[in-house]
Amino acid sequence: MVDVLVVDKVSKLFGKMRAVDNVTFAVGEKEVYGIAGPNGAGKSTLFNAISGIPYHPDTGKIFFRGKAIHEVHPHVICHLGIARTFQQETVFDTLTVMQNVMVGAVFGHPANGSGTPEDMAVAVLKKVGLADRQDEKAWHLSLFDKKRLMLASALVTQPSLLLLDEPAAGLNRMEIQQTLDLIRSINGDGITIILIEHVLPLLLTVSHRIMILSQGEKLVEALPAEIVRDERVIEAYLGRRSNHGPSAA
Amino acid sequence: MAPPLLEVKDLHVGYGEVQVLRGVSIDLQDKERIGLFGPNGHGKTTLLKTISGLLRPWKGEIRFAGKVISGKSPRELVEVGIIQVPQGNTLFPRMSVMENLLIGAYADRAWKKRRQGLERVFELFPRLAERKSQLCRTLSGGERQMLAMGVGLMGHGQVLMLDEPTLGLAPKIKDELREAIQQIAATGVPMILVEQDLEFLLALTDRLLLVQEGRIVLEKTHASSEIEHARILEMYFGGLDQAEPDLALGGKIT
Amino acid sequence: MTVQSLEAILLTGLVLGSLYALISTGLSMVWGTLRIFNFAYGSFMTVGAYVAWTIADKSALGAGIWLGVVIAIAVLIALGMLSERILIAPFIKRRDVALIAIITTLAASLFFENGAQILWGPRLKQLPAMVQGNVRFLGTMVDLQDVIVMISAPIVLGLVALFLYRTRLGRAIRAVEQNRDSALLAGVNVPLIYSLTFGFSAGLASVAGVILGITRFITPTMGDAPLLEAFIVVILGGLGSLGGTMVAAYIIALIEATCMTFLGLYWTPVVLFAIMILTLVFKPTGLFGKE
Amino acid sequence: MAYKLAAWMRMPRVLVVIVGIVLLIVFPLINTSEYLQHLVIVALLYAVLACNWDLTLGYAGVFNWAHIAFFALGAYAAGILAKSFGVSPWLCILAGAAVAVVASVLVCLPVLRVKGLYVALVTFAFGELCLHIVVSFSQYTGGSQGLVLIPPITIGSYSFMQNQDLGYYYLAVALFLASTVFLALVIRSHFGLSIMALRDYEDYAISRGVPLARQRLLTFMLSAIFTGATGAVYGFYLGVVSPELFGFGYTATLISMVLLGGISTLYGSVLGAFVLTFVSEFLVSLGPWRYVIVSSIIVGVLLFYPEGVYPGLQKLFRRLRVHAQPKPEDTVKGT
């Protein structure tokens, strides 16, 4: 099997701080690859380095379907078939829902898209459940709708690799459930997904493999079932066991 | 029971159109330490920012020593004695350690006691005393966090709120900070501590509150923390033994 | 090139550099603390000079230049603080405040320049010199007034530095400049600090205006050209770096003096603005500025 | 709801546009005042400048201070070619546009490397640079005195100055209509969508495949075309081109036109240009009071109508007609 994405010894520094420290991993075709880790572990920085927005890695290489992308312009990375979402709900405030998606429909992929940009935009809006709100201005959507809109605008660029940065953050249970269904459906369409998520039940449910980052370094990479029993993971999340707190499980 | 020192009632807060806190109520007794934890983006920092006046509540009320303080500016709240040490130890990079500490005592009430404050901070963090005249941006991550706490202490707060003091720090420094916080706590300053590191919280606080979806969904005292720990793990990792982890976390725990 | 012309360039550079340092410091303070460029700064110089003239000149109140300077500083601090309340404060929370501030301060400069013309008329005025006579310096005779300019810059900047680094209020200004939110959480009254910074900056502008009013003439638009020089100096010196601004002032002045000698009056500004663009493109933080 | 509202808003706009065009065409036939005709010509030219500036300032959210320099360079290019080299005025106008476009490319190169306020500073410095270069080449440009006695535009023996500048009037109308149609097309195109997306959220737009550098360069070039041509026409019309064209006065006037009309509204800028040309002309007799009043208006508009007077009125109008629920203030981004 050819790897869709290979991240090879990638590091990103902010001043003296190693936000991402020599991280290596590979993601296979149609895989859902989960990334978790405590706050400040470098998860989003890793996404930024992969997508080139707003920076490339300081050292290390990234290959997408065999092509080196660690020095490629970010809009070209999008054209190659990598789309990302952002941790903060991000929309074009003054544009309508439809226009938000049209940006990606027109500019997000090489000319050989299927159908007109308008058709593609309507299709992805349908997929995320915003089809009946095309003419609303994006700034007054709810958090969940903004997140879905961001997802739609990623999908419309026809990615073969989707980077999702905490799609469930700040959502309620029902919305998380819908997000889960949506991720599964997108993956079912054959799109490879890398998922950063703090809501671990979601991550454990949907991911095929999971990497735990801690302080910029790759701590563990394992199957979901193994992850939850790994002492190192529990320590990274809940802190080091000490004589103050009783042990669990 | 005595009336609470700090009382948060049915707080609703958000940014722009997006609501984050959906009815949070908290009581903090004098000399009490409470810990807040929970997933990212669910309102812990927002709550602290609202108490310290950086954000205005949409609805609800905050009282300190019986008086309504919601809607006051951060400056007025610092004079009252509500001190927040923000996340990510963002200080004043091009000022010396000493100058940073003096800014911490900027409020009139604290300025009078600045000598006393400096003594206390240097006693607690001898490393800062050694680096008095060093520029803040040349400090290590751990030292910066100590300085951030020192700046907070210089305010002589009636309530001290620490937002993720161990974020991204190595275990050894975490231990040092834990000891320092314990010493601060020993002086009887009531505290609100936000932390991802649960062990850290369990060691330092009397009560734990789980913040989720902008609400307090779980509140337990330290005494029952044994059960708590297991359940919290379950919350983080979902129902381990079920085929399908239950997404309805809050409902399950309470 | 002869030794004489080298000395002349050096001397001109020193006098001009001191003047630029004086002019730029106030602008640099506002740029560093509020993160805006104050296009009304030149008109603050103008108004300061006119106020000093009104106090000092015999045809007006005739109370002497020194009292004139003191009153000008006081009036301009008040005017600066008021201007900040109207021009900056209402927009400070907006994402695009820096751009709005360009427009409002530009409008304010139109307002003050034309207001000055209404109040004081378009006729040229000049402030009386503080001192008279010549001294020998670097082998040439130098007007004593130029010497005053040369030493006044380090003195004024020294006082400003003392204020910023040694007083509670000065430290608060630097704290706001470096980290607004943390300053808020330390109990600093940030809106007041903004207003005061703008006021102090205007006070410094009036000092520069007085010096200009003595060495050159006072007209409603006397602040325009020095403002442009100050922009270049502040950009080159870097964001929020007082020392950097001072060094940049002397660098720019020496370059200007050199260009004046070899390229002439018209091409000199071309060189200076090219330096400004190159700095912005290749080192937007300036020579000595920090992120 | 939103749809109906939009349709309702569009209806009279079409009517207003048609009536406006008809009025513009028949105006010289019913007007006898040369002075009034002069004001309308100036207002039309200002409208072109303001609208084109709004393309970068409002729609692309980039503060291009050098816009006024494009205008001045266009005027100088045409003036020099016509006066010193006897080139046909029509070619001069084209050359004015071309020179402005070249200048826009030159200024955009450094702009591509900086962000936010620095864009304003770089373009400001570029404008000053152009001014001083122009003044330095005094053998062609007349130095600080400027270029005088630029020959008027003629067709055969018919001078555009005849019949109260009738030729210039229709030239201005043609330029205005062409520029407005051009800008409306640009804004409604996919390109227009992409620059608004970049304005709203640069990184997000790039992540959706929008090539930042290319779009920004194109935006600058497109905004320069009619600006340079207008400079040329302005020079021919007045017969004089001076360094003042680079000055704060023009910048302040144009900025207030765009602001008064509201950024990112073409019609607003047109309205702003007409209103301010007449108001400002009305105030000329007041001497320095004129600028005191104009600057107060600018600050007042920003304080009380942060989105511009035109959108403010529109909103008020809408609220009166439709009992829509009051919404939170629409934050217009840009500048």
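Order of the sequence lines sets the chain letters (A, B, ...), proteins ahead of strands, with each chain counted from 1. Please read these numbers as outputs of a predicted model, since none were measured by experiment.
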*Is there a side chain to side chain contact (heavy atoms under 4.5 Å, CB included) between D:Arg199 and A:Thr94 once you walk through the steps?*
CA-CA 9 Å; D:Arg199 168 194 69 191; A:Thr94 65; 2.8 Å; yes
Report which part of D:Ala205 has an atom under 4.5 Å of a heavy atom belonging to chain A: side chain, backbone, both, or neither.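 Contact with chain A is through both the backbone and side chain of D:Ala205.
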Output the distance between atom [atom1] ([X]) and atom [atom2] ([Y]), rounded to the nearest 0.5 Å.
{"X": "A:Met150", "Y": "D:Ser207", "atom1": "CE", "atom2": "OG", "value": "9.5 Å"}
{"X": "D:Asp200", "Y": "A:Trp139", "atom1": "CG", "atom2": "CH2", "value": "12.5 Å"}
{"X": "D:His190", "Y": "A:Phe107", "atom1": "NE2", "atom2": "CZ", "value": "7.5 Å"}

Between [X] and [Y], is any pair of side-chain heavy atoms under 4.5 Å apart?
{"X": "A:Asn100", "Y": "D:Tyr204", "answer": "yes"}
{"X": "D:Tyr201", "Y": "A:Thr90", "answer": "yes"}
{"X": "A:His73", "Y": "D:Leu212", "answer": "no"}
{"X": "A:His75", "Y": "D:Val210", "answer": "no"}

Do you know which two heavy atoms are closest between [X] and [Y], and how far apart they sit?
{"X": "A:Cys78", "Y": "D:Gly209", "value": "SG-N, 3.4 Å"}
{"X": "A:Ile53", "Y": "D:Ile206", "value": "CD1-C, 4.0 Å"}
{"X": "D:Arg208", "Y": "A:Arg84", "value": "NH2-O, 2.7 Å"}

Quick one: what part of [X] sits under 4.5 Å from any heavy atom of chain D, side chain, backbone, both or neither?
{"X": "A:Ala105", "answer": "neither"}
{"X": "A:Leu95", "answer": "both"}
{"X": "A:Val106", "answer": "side chain"}
{"X": "A:Ser51", "answer": "neither"}

Take a 6.0 Å sphere around NZ of A:Lys127 and say whether it holds more than 12 heavy atoms from other residues, nucleotides or ligands.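 Counting other residues, nucleotides and ligands, NZ of A:Lys127 exceeds 12 neighbours.
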> Most heavy-atom pairs under 4.5 angstrom with chain D, which of A:Gly52, A:Pro159, A:Ala154?
Replying inline: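 Top option by heavy-atom pairs under 4.5 Å: A:Ala154.
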